[in-house]
Amino acid sequence: MEITAQLYETIVKIIDERVREIKVTREDFNALKTAVEELALAQKGAEARLGRLEEAVAKLAEAQKKTEERVSRLEEAVAALAEAQRKTEERLTRLEEAVAKLAEAQKKTEERVSRLEEAVAKLAEAQRKTEERVSRLEEAVAALSEAQRRTEQRVEELAQAQKRTEDSVSKLVRSVANLAREVGRLSDTVGYGIEDVARVMLPPYLQRHYKIKIGELERRFFTLDGKRVEINLYAEGKKGKDKIVVIGEAKSRIYEREVEKFLKGVEPVVKEIKGKIVKVLFAFYIHPDAMEIAREKGVLLVASYQR
């Protein structure tokens, strides 16, 4: 309890009044004096404690000031973090929208891939059937080649027989004439057979090596200046976005003269066809001289053994 000067004076007055009212002994006076001195010491101690409390309060006030400053800085930092969080959420929202669009695009891509896989499966089946047809045609070509070899062997034997004897000239002439007719019939057969081989082998060959996609090759007739011109192999197709027209011919053997004859025969048709034209010759055998002139004239030569 704090004892102020006013309180102290009040106590003294009370004591004086009591002294006047009653008779105070020396012992009572000494006891009262001791009490007053103790009160004075208590007052002094209280004032000292009050001073220390004031210093502590001052320190607390300073600490409070610094705390408020730190709190202000924290509030600013929190506000900055809140703004950053808001911007982050906006970015996340945009990212979520972008991811949703990508997911939809991926779904459409997978659907397209599925359709492509189905188309590829169909093409693979068609390719398998084509290869089976090519195998059968190759067997037929091998048989025709063997027949041609035997025919040439017979011609050679007949020629040697002609040299060995002159007595059988008339007989040999008749045999050669008969053989010529057989060879002619065989050439016609081989000619039609090789056209069938060309119709099967040329479309995949052109697509594989030249990226030219065509339909089925067919025999086509053109009427020019009142004359009918026949093209053995004709098809329309595309290379990329460009329209392509394929015109060609199939021969058992191709020499330089066959290339020149082919070019001369298709020249009127070439002038009438619109679009890019690919000229093709297909054969069992191609002579090196034919390759050279074909390169110069822009004619594509394809042998039956090429893939």
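Just so we're clear, the structure is a prediction, and the values are computed from it rather than from any experiment.
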Between Arg199 and Glu195, is the closest basic N to carboxylate O distance under 4.0 Å?
yes
Glu97 and Lys101: CA distance, side-chain angles, deciding distance, salt bridge (Lys or Arg N to Asp or Glu O under 4.0 Å) verdict
CA-CA 6 Å; Glu97 293 174 354; Lys101 291 180 180 178; 5.9 Å; no
Test side-chain contact (heavy atoms from CB on, under 4.5 Å) on Phe282 and Ser304; report intermediate values, then the result.
CA-CA 7 Å; Phe282 183 90; Ser304 59; 3.9 Å; yes
With ILVMFWY side chains joined below 4.5 Å, transitively, what does Leu281's cluster contain besides itself?
Phe222, Leu224, Val229, Ile231, Tyr234, Val245, Ile247, Ile254, Val259, Phe262, Leu263, Val266, Val269, Val270, Ile273, Ile277, Ile286, Met291, Ile293, Val299, Leu301
Considering only NZ, NE, NH1 and NH2 on the basic side and carboxylate oxygens on the acidic side, decide whether Arg257 and Glu260 come within less than 4.0 Å.
no
Before accepting this row, confirm whether a basic side-chain N of the pair Lys251/Glu249 lies closer than 4.0 Å to the acidic partner's carboxylate O.
yes
To the closest 0.5 Å, what do you measure between NZ (Lys213) and NZ (Lys238)?
10.0 Å
Here the gap from Tyr255 atom OH to His287 atom NE2, rounded to the nearest 0.5 Å, amounts to 6.5 Å
For Lys279 and Gly298, work out which heavy atoms get closest and say how close.
CE-O, 4.1 Å
Whether Arg220 and Glu218 form a salt bridge (side-chain N of Lys/Arg under 4.0 Å from carboxylate O of Asp/Glu) is what I want to check.
yes
Applying side-chain contact (heavy atoms from CB on, under 4.5 Å), run through Val302 and Leu300 and close with a yes or a no.
CA-CA 7 Å; Val302 181; Leu300 178 62; 4.0 Å; yes
When rounded to the nearest 0.5 angstrom, what distance separates CD in Glu9 from CD in Gln6?
7.5 Å
Any donor and acceptor pair, going by atom type alone, linking the side chain of Gln306 with main-chain N or O of Ala303 inside 3.5 Å?
yes
Exercise: identify the closest heavy-atom pair between Tyr210 and Lys239
O-CE, 3.1 Å
Gap between atom CD of Glu111 and atom CZ of Arg115 - 0.5 Å precision:
6.5 Å
Measure the acute angle between the ring planes of His209 and Tyr205, then classify it against the limits of 30° and 60° as parallel, tilted or perpendicular.
tilted
Can you establish whether the number of heavy atoms outside Arg228 located under 6.0 Å from its atom CZ is more than 12?
no
I need the Glu272 CD to Thr223 OG1 distance, nearest 0.5 Å.
11.0 Å
For Gly215 and Ala235, work out which heavy atoms get closest and say how close.
O-CB, 4.2 Å
Distance check, rounded to the nearest 0.5 Å: Lys264 atom NZ versus Glu267 atom CD?
9.0 Å
Non-hydrogen atoms of Asn232 and Arg219 that approach each other most closely:
ND2-NH1, 2.9 Å
Note, Leu233 side chain near Val280 side chain (heavy atom, < 4.5 Å):
no
Does Glu83 CD have over 12 foreign heavy atoms under 6.0 Å away?
yes
Specify the closest pair of heavy atoms between Pro203 and Ala198, including all atoms of both residues, with the distance to one decimal.
CD-O, 4.0 Å
